[in-house]
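Quick note: residue numbers are just sequence positions, from 1.
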Amino acid sequence: MAERVILRLAYKRVEPKGEVSVERKGLFGEESWRITEYNVALDSLIVQRPEGPDAYRYEGQSITIAPQPHKQFCRWHSGPLWERDEPWKRLYCVVESDSYCRQHKRSLRALYELCLSSNSEKTLPVCKKVDEAGRTNYTVYLTDAGAGRVKVGVTRSFRLLERLAEQAHNVATPLYTTDSIYEARRMELTISRKKLASQVKARRPVRVPLAEAASKLSSTAERIARELGISWEGRLIRVASPVSGYIFHSKPSKAPALEGVMVSIMGYWGGYIVAENDGRVYVVSTRDLVHRDSIIIPGLNP
């Protein structure tokens, strides 16, 4: 029997693919870059029944978008902040909330998200509190999404590839690593304030030749390194997917327009699930679905 569940996470596998060399004629002759490539595949959907805290791993391909309204639930879960875990073993809060409920709004996980959520320095004291609670490595990274736009971001280093898989990009690079989220966040804000890169992602990503993206990203990283007095290793990477072309070329489908439609999942990339029904392809942002009782799936095992 089908049941309506809360979608918590599109759980991904990122695996090495190889290296590719790209070349381009520049002002001072021919330039070349080597880009390490990875593939991303949707492993499963992590879901939860509204009546209990346990998470489940749904590995099927068929889902139905549940009718509106979608109830929103607290984002807190029991997984560790400093290391990888198996998300289907988490416990999730069952309280309805548009972010974090009253009980969990001062939790470490909520503070971590708050630290990274603002485009101003007002949340830097919160970042210090996260550092006081524990340490892990954080990576400041850059991505190129085409149209001359370079974005700067911060993530836990062990999640770098997964984070890139969640953002539509042509090519990316790790810029700087530190064990302080305060230091990483302050660097991100400085880069944004100096207009060296943007904290805001492009509304619509634009696919450009890899050589063009590599040239733009490399020159931006080199300029940032000079201005901030840091060392950039020059490593270029990209996370690809067989369905990425749909994200670049298709207008995203709004979840309300898909209510009651059963679709077969084709893949994931850039923060979107790509699915098909009767020959028509839909591109759906996971932001419209996660932490909501937004999907209907075949019955879960107890």
Side-chain angles (χ1 to χ4, degrees), residues 8-9 72-83 92-93 95-145 148-160 162-164 166-169 172-203 205 220-221 223-230 232 270-271 285-288 290-292:
R8 289 300 193 173
L9 175 70
Q72 290 185 255
F73 293 83
C74 175
R75 299 165 63 90
W76 182 88
H77 63 76
S78 62
L81 195 62
W82 316 122
E83 59 187 4
Y92 279 90
C93 182
V95 175
E96 290 186 37
S97 173
D98 60 0
S99 58
Y100 284 88
C101 69
R102 180 177 297 181
Q103 178 183 351
H104 294 120
K105 68 179 181 179
R106 302 303 296 175
S107 66
L108 181 58
R109 183 162 296 279
L111 294 178
Y112 171 81
E113 289 196 17
L114 180 60
C115 164
L116 298 177
S117 65
S118 173
N119 291 333
S120 76
E121 297 182 353
K122 292 181 179 180
T123 58
L124 285 177
V126 178
C127 301
K128 286 188 175 182
K129 289 184 179 180
V130 176
D131 277 342
E132 291 168 1
R135 295 274 180 146
T136 190
N137 283 339
Y138 299 92
T139 296
V140 182
Y141 64 92
L142 303 174
T143 59
D144 176 276
R149 176 185 287 268
V150 174
K151 180 184 178 298
V152 60
V154 172
T155 189
R156 290 162 290 176
S157 297
F158 68 83
R159 281 206 79 245
L160 176 61
E162 287 85 352
R163 185 62 183 140
L164 293 178
E166 295 164 357
Q167 298 186 1
H169 65 283
T173 185
L175 182 69
Y176 183 75
T177 299
T178 173
D179 70 349
S180 167
I181 193 173
Y182 170 80
E183 182 182 350
R185 182 67 169 139
R186 189 175 62 175
M187 180 175 289
E188 179 189 24
L189 290 167
T190 298
I191 291 169
S192 177
R193 187 177 66 249
K194 289 178 174 288
K195 301 187 184 303
L196 301 171
S198 174
Q199 288 180 271
V200 181
K201 71 177 183 178
R203 293 186 64 182
T220 301
R223 181 184 175 190
I224 291 172
R226 286 195 305 269
E227 292 214 14
L228 301 188
I230 61 175
W232 174 58
S285 172
T286 56
R287 291 174 63 92
D288 293 339
V290 292
H291 308 302
R292 296 168 169 85

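A pairwise comparison of heavy atoms in P174 and L160 identifies CB-CD2, 4.1 Å as the closest pair. Closest approach of L189 to S120, counting heavy atoms only: CD1-O, 3.6 Å. Across all non-hydrogen atoms, the minimal contact from A168 to A145 is O-CB, 3.8 Å. The nearest pair of heavy atoms linking C93 to C74 is SG-CB, 3.6 Å. A pairwise comparison of heavy atoms in A133 and W82 identifies C-CZ2, 4.1 Å as the closest pair.
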- Query: Going through the checks in order, is the side chain to side chain contact (heavy atoms under 4.5 Å, CB included) test met by R292 and Q72?
  - Reply: CA-CA 4 Å; R292 296 168 169 85; Q72 290 185 255; 3.5 Å; yes
- Message: R156 vs L81, test: side chain to side chain contact (heavy atoms under 4.5 Å, CB included). Steps then yes/no.
- Response: CA-CA 9 Å; R156 290 162 290 176; L81 195 62; 3.5 Å; yes
- Message: Under the criterion side chain to side chain contact (heavy atoms under 4.5 Å, CB included), I'd like the reasoning laid out for V154 against T139: C-alpha separation, chi angles, the key distance, then a yes or no.
- Response: CA-CA 6 Å; V154 172; T139 296; over 6 Å; no
- Item | Stepwise side chain to side chain contact (heavy atoms under 4.5 Å, CB included) test for I191 and L228 | CA-CA 9 Å; I191 291 169; L228 301 188; 3.7 Å; yes
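With a 4.5 Å cut-off on side-chain heavy atoms, M187 and V152 do not count as touching. Looking at heavy atoms from C-beta onward, I224 lies in side-chain contact with L175 at the 4.5 angstrom threshold. Residues F73 and R8 are in side-chain contact: their nearest non-hydrogen atoms beyond the backbone lie under 4.5 Å apart. Inter-residue side-chain proximity for L124 and Y182 is flagged as met; some heavy-atom pair is nearer than 4.5 Å. With contacts defined as side-chain heavy-atom distances shorter than 4.5 Å, the pair R223/W232 does not qualify. Side-chain contact between L108 and Y112: absent, with no pair of heavy atoms (C-beta onward) separated by less than 4.5 Å. Proximity of S157 to T136: side-chain heavy atoms (C-beta onward) are nowhere separated by under 4.5 Å. Two residues are said to be in side-chain contact when any heavy atoms from C-beta on lie closer than 4.5 Å; R135 and S180 meet this criterion.
Judged as a salt bridge (Lys or Arg N to Asp or Glu O under 4.0 Å), the pairs with a partner in residues 105-118 (not counting sequence neighbours) are, in order, R75-E113. Residue pairs meeting the salt bridge (Lys or Arg N to Asp or Glu O under 4.0 Å) criterion with at least one partner in residues 118-131, sequence neighbours excluded, are E121-R193.
In this structure T123 satisfies the side-chain contact (heavy atoms from CB on, under 4.5 Å) test together with L114, S118, R185, sequence neighbours excluded. Residues meeting the ring-ring contact (aromatic ring centres under 6.0 Å, His included) test with Y92, sequence neighbours left out: H77. Looking at residues two or more places apart in sequence or on another chain, you find a disulfide bond (SG atoms under 2.5 Å apart) between C115 and C127. With sequence neighbours left out, W76 forms a ring-ring contact (aromatic ring centres under 6.0 Å, His included) with H104.
One N or O on the side chain of S198 and one on the backbone of V200 form a donor-acceptor pair closer than 3.5 Å. No donor-acceptor pair closer than 3.5 Å links the side chain of R159 to the backbone N or O of E83. Looking only at distances, a side-chain donor or acceptor of T286 sits under 3.5 Å from a matching main-chain atom of G271.
Under 3.5 Å, the side chains of Y138 and E188 contain no donor-acceptor pair of N or O atoms.
A salt bridge is absent between E183 and R186; no separation between the charged side-chain nitrogens and carboxylate oxygens falls under 4.0 Å.
The side chain to side chain contact (heavy atoms under 4.5 Å, CB included) test with V126 is passed by exactly one of L116, I181, L111: L111.
One finds the NE2 atom of H169 at 9.5 Å from the CG atom of D144 (value rounded to the nearest 0.5 Å).
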